[in-house]
There are 2 protein chains.
Amino acid sequence: MVRGMEQKRSETIADAVEEMILSGAFADGARLDEVTLAGRFGVSRTPVREAMQRLSLSGLVELRPRRGAFVRQPGPIEMLEMFEVMAELEGVCARLGASRIEDGALNALEAANAACAIAAEAGDADAYYRANEGFHHRLYAESGNRFLAGEALRLHRRLQPYRRLQLRLRGRMAQSLAEHAAIVAALRAGDGDRAAKAVYDHVAVQGEKFRRLMRTFPNDDAA
Amino acid sequence: MVRGMEQKRSETIADAVEEMILSGAFADGARLDEVTLAGRFGVSRTPVREAMQRLSLSGLVELRPRRGAFVRQPGPIEMLEMFEVMAELEGVCARLGASRIEDGALNALEAANAACAIAAEAGDADAYYRANEGFHHRLYAESGNRFLAGEALRLHRRLQPYRRLQLRLRGRMAQSLAEHAAIVAALRAGDGDRAAKAVYDHVAVQGEKFRRLMRTFPNDDAA
DNA sequence: ACGGGCGCTCTTGTATGCAAGATCGTTGAC
DNA sequence: GTCAACGATCTTGCATACAAGAGCGCCCGT
């Protein structure tokens, strides 16, 4: 995936718009006007259009022919679905990793979790987020299945904003830390099934928390 | 996903090129020249470029800035990795489906498998392929998780050419039929874990067969 | 003869121009 | 007053034009 520093403008734009969409700058169903975006980025419509093509395949925008690009925010149901798949994918990563992971990688995982702990102690949600990201990315890599790792990374990235939301919840960081430790322990024991379940629970709980958040603030409507 | 009949040219082109790549019309690493493709499709470079953007996100082509689009055929290792993920994803579909599937859907699955049987008896690999596809698509849908179903569908589509290859193997169709039956039986029993394992085996065996094919004809080289 | 530097050409990336479909307001008929 | 059809306008989709990087070969120096 690393491909040199150079980036086409269309990629930069795609990333920027993706960032905007994920950060909730656009409401669901909002139309992304080509000339407006082009103006905002100081380019012509062409790179903007190419960026839209890419975003449409990521599922972040829907391209309706002759109509334009519309941002497609996942509703609560789709979000839970994505968390479910994420949990399963990460679980598979752990199961596959358990049988082949080496001491170095295990130590790296523990180091990542230690970084999480430091951030948690400082109450720094941002730092925690980054450290947590490192932990999970390494877990994906340790699956030994690069394709799986790529898919997991993709979905992880897609769920980023929602996960970030969770961290604000009281006690979530501490709980997450403990779950990480359980995962590492299972991996160190070489127990794939236990590791898979630990990871599944660790991820699925986020979807569950989200479900509860939604019940208390039912401002979103299901599709 | 259904979005009306209308298709932009860039989508048509993307599909056509994808078809060509999947059917092996291009060697790995071949450069897809924009003007050549534009000429072949009788359009300008613009829609071709938009098609390339889409294909790059599917992983079928690699876009190297200022260099062009290069087809990226998965090597044998990546293929096995994809089959592994496919097996897990379909397994999850089955597990989720087992607890909620209804009689109508079960009967539809059996009908799909019956269609497989007819095709198998006739030795019609193409018809078998279509019927088999119907079986699996329905399985995805019955997971009740639309996001998961979408992801499964995507990967299924990506693996299409390799799966097709397998069907030529002697006895594979009959074996596949039996596996389908086992899946349906587990689902009917509401046994999610058994269904998941049956599906996993059903899919994973294809990767395994492929691995064996590769050992006998080691003309491909691993990345 | 061999290697490095320079420039030519080809290709990509972006901008602009143009045609056709979609949207929306208006107008006319009932 | 309501509804439908029509047209003006706006937007997309595509074609073409232009600029800049990448690749390649040639030439020159050693």
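Values below: every heavy atom of this structure, side chains too, minus hydrogens, waters and symmetry copies. Every chain is numbered from 1 and lettered A, B, ... according to where its sequence line falls, protein lines coming before strand lines.
As a whole-Å value, the separation of A:Glu34 CD from D:dC14 C1' is 12 Å. One interatomic measurement links the two molecules: CZ of A:Arg31 to P of C:dA22, which rounds to 14 Å at whole-angstrom precision. One interatomic measurement links the two molecules: CZ of B:Arg45 to P of C:dT12, which rounds to 6 Å at whole-angstrom precision. B:Phe41 has its CZ atom 17 Å from the C1' atom of D:dG13, to the nearest Å. Counting to the nearest Å, the C1' atom of C:dT11 and the CG atom of B:Asp33 are 7 Å from each other. The nearest whole Å value for the distance from the CE atom in B:Met52 to the P atom in C:dG13 is 12 Å. Rounding to whole angstrom units, CG of residue A:Leu32 and P of D:dT12 are separated by 10 Å. Across the protein-nucleic acid pair, A:Leu63 atom CG and D:dG13 atom P stand 7 Å apart, rounded to whole Å.
Contact between B:Met173 and B:Ala125 at its shortest, heavy atoms only, is SD-CA, 4.4 Å.
Nearest to the side chain of B:Ser44, among D:dA17, C:dA15, D:dA15, sits D:dA15. Closest to the B:Thr46 side chain, of the nucleotides D:dT16, C:dG17, C:dG13, is D:dT16.
Not a single donor-acceptor pair, N or O on each side, falls under 3.5 Å between the base of D:dG23 and the side chain of B:Arg66. Taking 3.5 Å as the limit, the base of C:dG13 and the side chain of B:Arg67 contain no donor-acceptor pair of atoms between them.
Ion pairing of A:Glu179 with A:Arg172 is present here, as a side-chain N (NZ or NE/NH1/NH2) and a carboxylate O approach within less than 4.0 Å.
B:Glu84 and B:Tyr200 share a donor-acceptor pair across their side chains, judged by distance under 3.5 Å alone. For A:His202 and A:His180, the side-chain atoms include at least one donor-acceptor pair closer than 3.5 Å.
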